[in-house]
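Scope of the values below: all heavy atoms of this structure, side chains included, with no hydrogens, waters or symmetry mates.
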Amino acid sequence: MKTTKLFSRPLFALDIRTFWFFALAVALIMSMMSCVVTIAVDAIQADIAGSVDAAEKMGRMGIQVSQTDPSVILDTMYYRVILLIPIFLLVVAAVNSVVASQVDDGSMAYILSAPVERRAVAFTHMVFLILLPLAVVGIACGVKCGLDSQIGGDSDAVVTVVKFAGIYVLAEAAAAICYLGSCLFDHNGRALVFGGGITVWCFIASLLGVFGSDKLVDMGVGIEQLDIFNRMTLVGLLDITAMETVGSNAVNYDFAWKLGILAGIAAVAYGAGALRFGRKDLPL
């Protein structure tokens with residue numbers, strides 16, 4: 001197995017052959033989810049627009065009209081919960097298969113028996129884990145932009161791209177944490193408990209935190225106290241509300257430094273994982 005100083009093309013090709021079908025399935029699932037949510041949001045907004053006159057008439061009669069907008073709830077769930085299920089599943093499965101699983105099943109001994117250094121193995125897997133979610137999220141983003149333009153009549157693709165960029169950075173932070181666990185432990189089960197456990201907690205906390213978000217609380221369907229869960233998960237750093245101001249006259253750049261924290265977590269976890277893998281004794 002020929003290798004450069006830091007990168008092994010045969011090992012990278014092996015990673016692609018192993019996960020291309022899984023990655024394609026996840027991209028299709030995310031695209032289908034986008035299609036269903038976009039159609040549903042458009043239908044809800046059309047229904048709301050059609051009842052505006054009746055609502056105004058009821059308001060003039062002194063009847064209080066509910067301000068609940070189901071499309072806002074669905075859109076919030078789409079970015080903070082729905083899309084995270086497949087992408088988190090992909091990164092957890094991929095990370096634990098490229099390091100800890102290879103040590104556990106003995107295939108790492110074969111890889112290192114060829115003329116390839118440990119640092120090349122660690123770096124090659126790292127590159128793969130950076131590009132895999134990028135390709136999947138990129139496909140899903142392209143589909144969502146097309147759906148917004150054709151179904152929703154929304155030609156502002158910049159906000160959608162920013163949101164999906166945030167999802168990618170979040171996915172990389174989760175992947176890096178899983179990568180660190182995969183490099184720390186020799187057994188796949190322990191690595192899965194570490195990285196997968198943290199990722200699952202981030203998802204569950206995000207699911208609860210959605211109902212404590214400002215949008216849902218303002219509409220009367222949220223619980224303010226649940227906002228604490230947004231401070232207990234990496235997903236809380238995905239500031240969709242701030243991202244939606246991009247392109248307006250009052251852009252809220254809070255999302256930028258929050259994504260910077262996620263990127264920093266990813267960089268530190270990847271670096272620590274690669275360093276640990278290069279120095280630890282492997283049961284080969």
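For the pair Leu237 and Leu259, the minimum side-chain heavy-atom distance is 4.5 Å or more. In this structure, Leu90 and Met30 have side chains that are not in contact, with every pair of non-hydrogen atoms separated by 4.5 Å or more. Within the 4.5 Å cutoff, the side chain of Ile87 has no heavy atoms near those of the Tyr168 side chain. Using a 4.5 Å cut-off on side-chain heavy atoms (C-beta onward), Val26 and Leu89 make no contact. For the pair Glu117 and Ser8, the minimum side-chain heavy-atom distance is 4.5 Å or more. In this structure, the side chains of Thr76 and Ile240 stay at 4.5 Å or more apart for every pair of heavy atoms. Side-chain contact between Phe255 and Val246 is present, with at least one heavy-atom pair separated by less than 4.5 Å. Side-chain contact between Val217 and Ile223 is absent, with no heavy-atom pair separated by less than 4.5 Å.
Contact record, Phe7 with Ala120: N-CB, 4.2 Å, taken as the closest heavy-atom pair. What you find for Leu83 and Ser34 is that their closest heavy atoms are CD2-OG, 4.4 Å. Contact between Leu238 and Gly166 at its shortest, heavy atoms only, is CD1-C, 3.4 Å. When every heavy atom of Glu172 is checked against every heavy atom of Leu129, the shortest pair comes out as OE2-O, 2.8 Å. Scanning both residues, Ser206 and Arg80, for their nearest heavy atoms gives OG-O, 2.9 Å. When all heavy atoms of Cys178 and Thr199 are compared, the pair lying nearest together is SG-OG1, 3.6 Å.
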Checking side chain to side chain contact (heavy atoms under 4.5 Å, CB included) for the pair Glu244/Lys163: CA distance, chi angles, key distance, verdict?
-> CA-CA 8 Å; Glu244 290 174 345; Lys163 290 178 180 178; 3.2 Å; yes
Applying side chain to side chain contact (heavy atoms under 4.5 Å, CB included), run through Arg17 and Leu14 and close with a yes or a no.
-> CA-CA 5 Å; Arg17 289 196 300 270; Leu14 176 62; 3.7 Å; yes
Report the C-alpha distance between Cys35 and Ser31 in whole Å, list the side-chain angles of each, state the deciding distance to 0.1 Å, and finish with yes or no for side chain to side chain contact (heavy atoms under 4.5 Å, CB included).
-> CA-CA 6 Å; Cys35 185; Ser31 298; over 6 Å; no
Worked verdict on Asp214 versus Glu224 for side chain to side chain contact (heavy atoms under 4.5 Å, CB included) | CA-CA 8 Å; Asp214 293 339; Glu224 187 176 357; over 6 Å; no
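With rounding to the nearest 0.5 Å, the separation of CE in Met243 from OG1 in Thr160 is 11.5 Å. Taking CD from Gln150 and SG from Cys145, the interatomic distance works out to 12.0 Å, rounded to the nearest 0.5 Å. To the nearest 0.5 Å, atom CG of residue Asn252 and atom OG1 of residue Thr245 are 5.0 Å apart. In this structure, Asn188 CG and Ser97 OG are separated by 6.5 Å, a value rounded to the nearest 0.5 Å. Taking OG of Ser182 as the start and CZ of Arg190 as the end, the distance is 13.5 Å to the nearest 0.5 Å. One distance of note links CG of Leu184 with OH of Tyr179; it measures 11.0 Å at 0.5 Å rounding.
Val37 is connected to Val159 through a chain of hydrophobic side-chain contacts under 4.5 Å among Ile, Leu, Val, Met, Phe, Trp and Tyr, so both are in one cluster. Taken together through direct or relayed side-chain contacts under 4.5 Å among Ile, Leu, Val, Met, Phe, Trp and Tyr, Leu262 and Val161 form parts of separate hydrophobic clusters. The hydrophobic clustering, which links ILVMFWY residues whose side-chain heavy atoms are closer than 4.5 Å, places Ile261 and Leu180 together. Criterion: ILVMFWY side-chain heavy atoms under 4.5 Å apart, direct or through other members. Under it, Leu234 and Val193 are not part of a common hydrophobic cluster. Hydrophobic clustering of Ile, Leu, Val, Met, Phe, Trp and Tyr side chains at less than 4.5 Å, counting indirect connections, unites Val158 with Tyr79.
Counting only distance, with no hydrogens or angles, the side chain of Ser213 and the backbone of Val210 share a donor-acceptor pair below 3.5 Å. Without hydrogens or angle criteria, Asn230 side chain to Gly209 main chain gives a donor-acceptor distance under 3.5 Å. Remark: side-chain polar atoms of Thr233 are paired, donor with acceptor, to backbone N or O of Cys202 under 3.5 angstrom. Remark: side-chain polar atoms of Trp201 are paired, donor with acceptor, to backbone N or O of Met232 under 3.5 angstrom.
Ion pairing between Lys144 and Asp148 holds under the 4.0 Å rule for side-chain N and carboxylate O.
Aromatic ring centres of Phe88 and Phe203 lie farther apart than the 6.0 Å criterion allows.
Screening Leu6, Leu275, Thr124 for a side chain to side chain contact (heavy atoms under 4.5 Å, CB included) with Arg119, the sole residue that qualifies is Leu6.
Thr38 and Tyr78 are not linked by any side-chain donor-acceptor pair at a separation below 3.5 angstrom, with hydrogens and angles left out of the test.
Relative ring orientation between Phe128 and Phe12 is described as perpendicular, the plane-to-plane angle rising above 60° on a 0-90° scale split at 30° and 60°.
Around atom CG of Leu134, more than 12 heavy atoms belonging to other residues, nucleotides or ligands sit under 6.0 Å away.
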